[in-house]
Trainee: 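Shown below is the structure under consideration.
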Amino acid sequence: ELFNNNKMSITLEGIEDLDLKGFFFDDNTFIQVKTSEKEWKWHQIQKPIINFIEVYKVNPDAKFTLALNNSFKGDLEKLSNYKNLDNKSKKEIEKKFTRLCNKTSNEPEELLLTFLKNLSITHLDDKQLTLSLKQNISNILNINTSAGDIYLSVLISNFLEWAHQRKTII
């Protein structure tokens with residue numbers, strides 16, 4: 001999407017964190033990618049969620065995606081399937097979500113619940129992501145897959161340098 005949309009940018013916060021801030025599909029989606037070597041726990045999503053809520057207060061039409069590299073289960077898995085939950089499970093997750101958010105911010109419950117409808121939480125498997133990157137590089141540059149491996153290596157090398165510099169890539 002970066003190639004096709006000059007309004008989109010990636011802001012690198014450091015080697016451990018990537019934020020896609022800006023315009024994705026509908027010019028109004030914010031994505032944050034988070035990594036962890038261990039399974040994701042409920043409390044770990046608090047900081048990125050609070051950051052999203054700050055944007056949401058200014059732009060209530062925005063959509064938000066939290067992409068996690070590792071698996072999650074329990075309430076976090078329920079939250080990722082929020083839109084498909086039965087009413088009883090939705091109410092339980094809404095209550096737990098409100099408590100999580102209000103540990104560090106004191107937002108009205110109504111705001112948190114309307115924000116929740118604009119939130120998507122997804123899992124990015126490292127192997128699938130690597131394969132997808134190779135295929136996209138090969139397709140975009142019209143090269144064979146083995147050459148795509150080299151381009152991916154160069155991209156990762158540059159990415160690490162840019163992350164170290166905390167650059168914004170447009």
Side-chain angles (χ1 to χ4, degrees), residues 1-130 132-133 136 159 163 166-170:
E1 284 83 17
L2 272 175
F3 290 119
N4 299 323
N5 188 338
N6 61 5
K7 294 179 183 177
M8 182 187 285
S9 68
I10 296 176
T11 301
L12 304 174
E13 293 183 337
I15 291 174
E16 74 289 346
D17 200 2
L18 166 71
D19 290 332
L20 178 58
K21 296 181 178 178
F23 309 100
F24 186 79
F25 298 124
D26 60 6
D27 290 344
N28 213 18
T29 298
F30 295 80
I31 300 172
Q32 187 162 93
V33 177
K34 292 297 208 180
T35 61
S36 174
E37 294 198 12
K38 297 179 181 174
E39 182 179 288
W40 280 90
K41 304 290 184 199
W42 181 262
H43 71 277
Q44 291 175 288
I45 66 165
Q46 182 181 32
K47 185 178 177 190
I49 295 296
I50 296 302
N51 291 340
F52 277 161
I53 290 170
E54 291 305 311
V55 175
Y56 178 74
K57 290 189 313 190
V58 175
N59 184 357
D61 294 326
K63 304 289 182 212
F64 302 89
T65 299
L66 179 60
L68 307 175
N69 76 315
N70 217 324
S71 63
F72 45 84
K73 57 187 173 188
D75 287 335
L76 192 49
E77 184 176 21
K78 287 179 186 175
L79 182 62
S80 74
N81 292 313
Y82 173 76
K83 293 176 178 119
N84 300 319
L85 294 175
D86 61 68
N87 285 338
K88 181 181 180 215
S89 298
K90 265 188 186 176
K91 292 291 180 201
E92 290 170 3
I93 288 299
E94 288 171 353
K95 189 178 286 189
K96 190 163 185 173
F97 182 78
T98 301
R99 277 196 311 267
L100 176 76
C101 294
N102 281 332
K103 283 183 179 180
T104 58
S105 74
N106 195 19
E107 301 299 341
E109 183 176 354
E110 182 180 330
L111 180 133
L112 296 174
L113 297 180
T114 56
F115 163 78
L116 186 53
K117 293 175 182 155
N118 292 2
L119 174 66
S120 168
I121 298 178
T122 186
H123 169 254
L124 291 173
D125 177 80
D126 291 340
K127 290 179 184 175
Q128 291 174 333
L129 182 59
T130 300
S132 175
L133 283 169
N136 285 330
F159 178 87
R166 298 184 179 273
K167 278 194 157 191
T168 294
I169 304 150
I170 300 173

Trainee: List the atom of Phe52, the atom of Ile31, and the distance in Å for their closest heavy-atom pair.
Mentor: CZ-C, 4.3 Å
Trainee: Give the C-alpha distance, both sets of side-chain angles, the deciding distance and a yes or no for salt bridge (charged side-chain N to carboxylate O under 4.0 Å, His left out) between Glu39 and Lys41.
Mentor: CA-CA 7 Å; Glu39 182 179 288; Lys41 304 290 184 199; 3.6 Å; yes
Trainee: Should we say atom NZ of Lys38 is surrounded by more than 12 heavy atoms from elsewhere, each under 6.0 Å from it?
Mentor: no
Trainee: Can any side-chain N or O of Asn81 pair as donor or acceptor with the backbone N or O of Glu77 at less than 3.5 Å?
Mentor: yes
Trainee: How far apart are the closest heavy atoms of Lys83 and Lys90, and which atoms are they?
Mentor: O-NZ, 3.8 Å
Trainee: With no hydrogens and no angle check, is any side-chain donor or acceptor of Ser105 less than 3.5 Å from a backbone partner on Cys101?
Mentor: yes
Trainee: Is NZ or CZ of Lys34 both nearer than 6.0 Å to the six-membered ring centre of Trp40 and within 45° of the ring axis?
Mentor: no
Trainee: Nearest 0.5 Å, please: how far is CD1 in Ile49 from CD in Gln32?
Mentor: 9.0 Å
Trainee: Let me see the working for Glu94 and Lys91 under salt bridge (charged side-chain N to carboxylate O under 4.0 Å, His left out), right down to the final yes or no.
Mentor: CA-CA 5 Å; Glu94 288 171 353; Lys91 292 291 180 201; 3.8 Å; yes
Trainee: Taking side chain as C-beta onward, heavy atoms only, is Lys95 less than 4.5 Å from Arg99?
Mentor: yes
Trainee: Taking C-beta and beyond as the side chain, do Leu111 and Lys57 meet within less than 4.5 Å on heavy atoms?
Mentor: yes
Trainee: Between the main-chain N or O of Ile93 and the side-chain N or O of Asp75, is there a donor-acceptor pair closer than 3.5 Å?
Mentor: no
Trainee: Contact between Thr98 and Leu113 at the side-chain level, heavy atoms closer than 4.5 Å - yes or no?
Mentor: yes
Trainee: Does a side-chain heavy-atom distance below 4.5 Å link Ile45 with Leu79?
Mentor: yes
Trainee: Less than 4.5 Å apart, any side-chain heavy atom of Leu68 and any of His123?
Mentor: no
Trainee: Once you measure the plane-to-plane angle for Phe64 and Phe30, does it fall in the parallel (<30°), tilted (30-60°) or perpendicular (>60°) bin?
Mentor: parallel
Trainee: So does Ser132 get a backbone contact from the side chain of Asn136, meaning a donor-acceptor N/O pair under 3.5 Å?
Mentor: yes
Trainee: Is any side-chain heavy atom of Thr122 closer than 4.5 Å to one of Thr65?
Mentor: yes
Trainee: Work out which heavy atom in Phe97 is nearest to a heavy atom in Leu112; give both atom names and the distance.
Mentor: CE2-O, 3.7 Å
Trainee: Take atom CD of Glu110 as the centre, draw a 6.0 Å sphere, and report whether it contains more than 12 heavy atoms from other residues, nucleotides or ligands.
Mentor: no
Trainee: Looking at CD1 of Ile121 and NZ of Lys78, how far apart are the two atoms once the value is rounded to the nearest 0.5 Å?
Mentor: 14.0 Å
Trainee: Could you tell me if the side chain of Glu107 sits less than 4.5 Å from the side chain of Glu54, heavy atoms only?
Mentor: yes
Trainee: Is it true that the side chains of Tyr56 and Thr114 contain a donor and an acceptor less than 3.5 Å apart?
Mentor: yes
Trainee: Does Glu37 offer a backbone N or O that forms a donor-acceptor pair with the side chain of Asn70 under 3.5 Å?
Mentor: yes
